[in-house]
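Working notes for the structure below.
Naming convention: chains lettered A, B, ... in sequence-line order (proteins, then strands); numbering from 1 in each chain.
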Protein chains: 2
Amino acid sequence: MKMGIPERKEREKEARREEILNAAQKVFFEKGLTATTVDDIAQLAELSKGTLYLYYHSKEDLYLATAGRGMDIMYGMFERAVAASDDPITQIFNIGDAYYQFFREQRDFFRMFYYFESPLFHAQISKDMMDQCTLRDRKVWDLVASPVRRAIEAGLLKPELDPLEVGIMLWSNANGFFRLLDRNEQYWKEKMGVDLLGTLRKSSGLLLEAMLTEEGRRNRANLQLYRESVVHKENQQ
Amino acid sequence: MKMGIPERKEREKEARREEILNAAQKVFFEKGLTATTVDDIAQLAELSKGTLYLYYHSKEDLYLATAGRGMDIMYGMFERAVAASDDPITQIFNIGDAYYQFFREQRDFFRMFYYFESPLFHAQISKDMMDQCTLRDRKVWDLVASPVRRAIEAGLLKPELDPLEVGIMLWSNANGFFRLLDRNEQYWKEKMGVDLLGTLRKSSGLLLEAMLTEEGRRNRANLQLYRESVVHKENQQ
DNA sequence: ACATAGAATGACTACTAGTCAGAATACGAG
DNA sequence: CTCGTATTCTGACTAGTAGTCATTCTATGT
């Protein structure tokens, strides 16, 4: 009996943390970092502002904790993308596809990641929260790098390439596009007649193609199959 | 005599605007958007806060006006990059190089562009300032697209490519890298042994190579020359 | 010397992140 | 059941900031 109480308290505390984070997420999604006030979150969580500060160190910490949920979701999607195939090249494409899916389905989280880049933002973050975030970041990069490493080892990608390097190339490329898409997809589509997703597919394709070895090229049937399945999925929407 | 006075007043007003912007730029560079207070700027400009609001609509407007200066600098660098050669492929590489140079030499401005992506930021901007910014943006894209168009027309790049599309590909790719470089160049370099600039070169090279026609490939001597000159410049630093 | 329009001012309002002294609640012992 | 203690919670308070506006100042023309 006695023994169970500290554990229950611990669970309750954790639950409070989650509840607060739920409220924070909702408000952040609606209003964004700047327009959100801590009072908004406190009100939605039905707690006083003071209590929030017992659980989180600052508004920015809350923001980062919310963004952390997004990173976890993304990581989960990437894991499934890798698990869905044994062929490393297909895995790479799957990850790319998963990132696109994340961008489409979790736009609010995707947008939260913006802030993470701004040096000003970092000032308010507690070391603890920052470490958690760095850890998550590292996990994602490791996950992405591993199929690339296997593809190089299997002789499908040119041996002079570095796994992390390839990951960065593809990620930079995709991310640059997503930002552009997010900001003004309509603008590019309507005014310029540019199909940004098509362009992304094209440029990733060009990049990967240029990285394949002869043997990798022979495996291209898979790749072609993959693309058709993607286009198929697209058309179903 | 009388006639000249309104003109002089106009000039003086414009000068004030510039002085205010000078002060704003200095403070924004030092402290960033959030940490900068309008009072900081007013104090540096040796004007009262009220006066600032006679010239600019909001702190964000001031910020955007400052960023506009950066865009103009970048545009100027791109113009020179294009003017430095008649060969469109070389022009494209020159623009890439100019963007890298801008990233290196005008890091403060480069960082200011971050904010421009955040939807929250836009809320505070006056229509007038936003239009100016859109115009600048358009100008840059037109400038970048034109050598690509010429390269396609000259049969150097594959005809199925769209000029704007190619611009977007290269820009996305470069920008994704610069963001990564800016955030944690040291991290990647020290902990992972990744040379991000080298990686950027590699991926741009791969992309462009995959886009070249046979004829374009024959022109590759130029391209090689270009690269060596860049490496040369690099080593001189 | 004076009147007037435009420029400049800074005290003021409204709002917000974060604090902290004290209230409320939960628990265990007598 | 009751009281002391520890834990959790509270909201009034502080410090600081964007933006306003009634008032003051200044340059110009008569």
Side-chain angles (χ1 to χ4, degrees), chain A residues 1-20 23-24 27-28 30-66 115 120-126 129, chain B residues 1-20 23-24 27-28 30-66 115 120-126 129:
Chain A
M1 293 288 135
K2 264 174 200 169
M3 279 293 123
I5 286 177
E7 282 81 355
R8 196 203 68 209
K9 287 243 167 168
E10 198 48 52
R11 277 202 311 280
E12 278 175 1
K13 212 165 178 175
E14 196 46 49
R16 266 265 185 287
R17 267 184 83 89
E18 286 299 305
E19 279 166 33
I20 292 171
V27 182
F28 281 139
E30 264 171 35
K31 302 194 176 187
L33 174 61
T34 321
T36 295
T37 72
V38 178
D39 285 305
D40 287 338
I41 299 172
Q43 200 175 356
L44 192 61
E46 291 171 303
L47 287 168
S48 74
K49 182 156 59 164
T51 306
L52 258 59
Y53 280 93
L54 294 175
Y55 289 88
Y56 292 92
H57 201 264
S58 68
K59 186 169 93 158
E60 281 73 15
D61 258 34
L62 262 168
Y63 193 83
L64 201 52
T66 310
Y115 276 88
L120 316 121
F121 178 74
H122 288 60
Q124 305 289 340
I125 304 285
S126 68
M129 196 57 80
Chain B
M1 290 288 137
K2 265 173 202 172
M3 281 292 123
I5 286 178
E7 281 81 354
R8 197 203 67 209
K9 288 242 167 166
E10 198 48 52
R11 276 200 311 279
E12 279 175 359
K13 212 166 177 175
E14 196 46 49
R16 267 265 185 287
R17 267 184 82 88
E18 285 299 306
E19 280 166 34
I20 292 171
V27 182
F28 281 139
E30 265 171 36
K31 302 194 177 188
L33 173 61
T34 320
T36 296
T37 71
V38 178
D39 285 305
D40 287 338
I41 299 172
Q43 199 175 356
L44 191 63
E46 291 170 305
L47 288 167
S48 75
K49 182 156 60 163
T51 306
L52 258 60
Y53 280 92
L54 294 175
Y55 289 87
Y56 292 91
H57 198 262
S58 68
K59 187 168 93 159
E60 280 74 14
D61 257 35
L62 262 167
Y63 193 81
L64 201 52
T66 310
Y115 277 88
L120 317 120
F121 177 74
H122 289 60
Q124 305 289 341
I125 304 285
S126 68
M129 196 56 81

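Closest contact between the side chain of Thr37(A) and the listed nucleotides dC9(D), dT16(C), dA8(C) involves dT16(C). Minimum atom distance to the side chain of Lys13(A) is reached by dT8(D), of the listed dG19(D), dT10(D), dT8(D). Relative to the side chain of Lys49(B), the nucleotides dT10(D), dA17(C), dA18(D) differ in distance, and dA18(D) lies closest.
Distance CD (Glu12(B)) to P (dA27(D)): 10 Å, rounded to an integer number of Å. Distance Ile41(B) CD1 to dA18(D) P: 8 Å, rounded to the nearest Å. Rounded to whole Å, the distance from CG on Asp61(B) to P on dA18(D) is 14 Å. The distance between atom CD1 of Ile125(B) and atom P of dA18(D), rounded to the nearest whole Å, is 14 Å. Between Leu52(A) atom CG and dT19(C) atom C1' the separation is 14 Å, expressed in whole Å. Atom pair Tyr53(B):OH and dC12(C):P shows a separation of 19 Å (rounding to whole Å applied). What separates CD of Gln43(B) from C1' of dT9(C) is a distance of 15 Å, to the nearest Å. Rounding to whole angstrom units, CG of residue Leu47(B) and C1' of dT9(C) are separated by 10 Å.
Between Glu10(B) and Lys13(B) there is no salt bridge, since no side-chain nitrogen of the basic residue lies less than 4.0 Å from a carboxylate oxygen of the acidic one. Between Glu19(A) and Arg16(A) there is a salt bridge, with a side-chain nitrogen of the basic residue lying less than 4.0 Å from a carboxylate oxygen of the acidic one.
Projected onto DNA chain C by closest heavy-atom contact, Lys59(A) and Glu46(B) fall at different nucleotides, the more 5' of which corresponds to Glu46(B).
Distance alone, capped at 3.5 Å, places no donor-acceptor pair between the Tyr63(B) side chain and the Gly32(B) backbone.
Of the side-chain N and O atoms in Tyr55(A), one or more sit less than 4.0 angstrom from OP1 or OP2 of dC9(D). Side-chain N/O atoms of Thr51(A) include one lying less than 4.0 angstrom from OP1 or OP2 on dT10(D). Residue Arg16(A) has no polar side-chain atom (N or O) positioned under 4.0 Å from OP1 or OP2 of dT8(D).
The OG atom of Ser58(A) sits 9.0 Å away from atom CG of Leu64(A), with the distance rounded to the nearest 0.5 Å. Put simply, CD1 on Ile41(B) and OG1 on Thr36(B) are 6.0 Å apart, with the number rounded to the nearest 0.5 Å.
Counting any heavy atom pair closer than 4.0 Å across all strands shown, Tyr56(A) reaches no nucleic acid atom. Across all strands, Leu54(A) comes closer than 4.0 Å to base atoms (heavy-atom distances).
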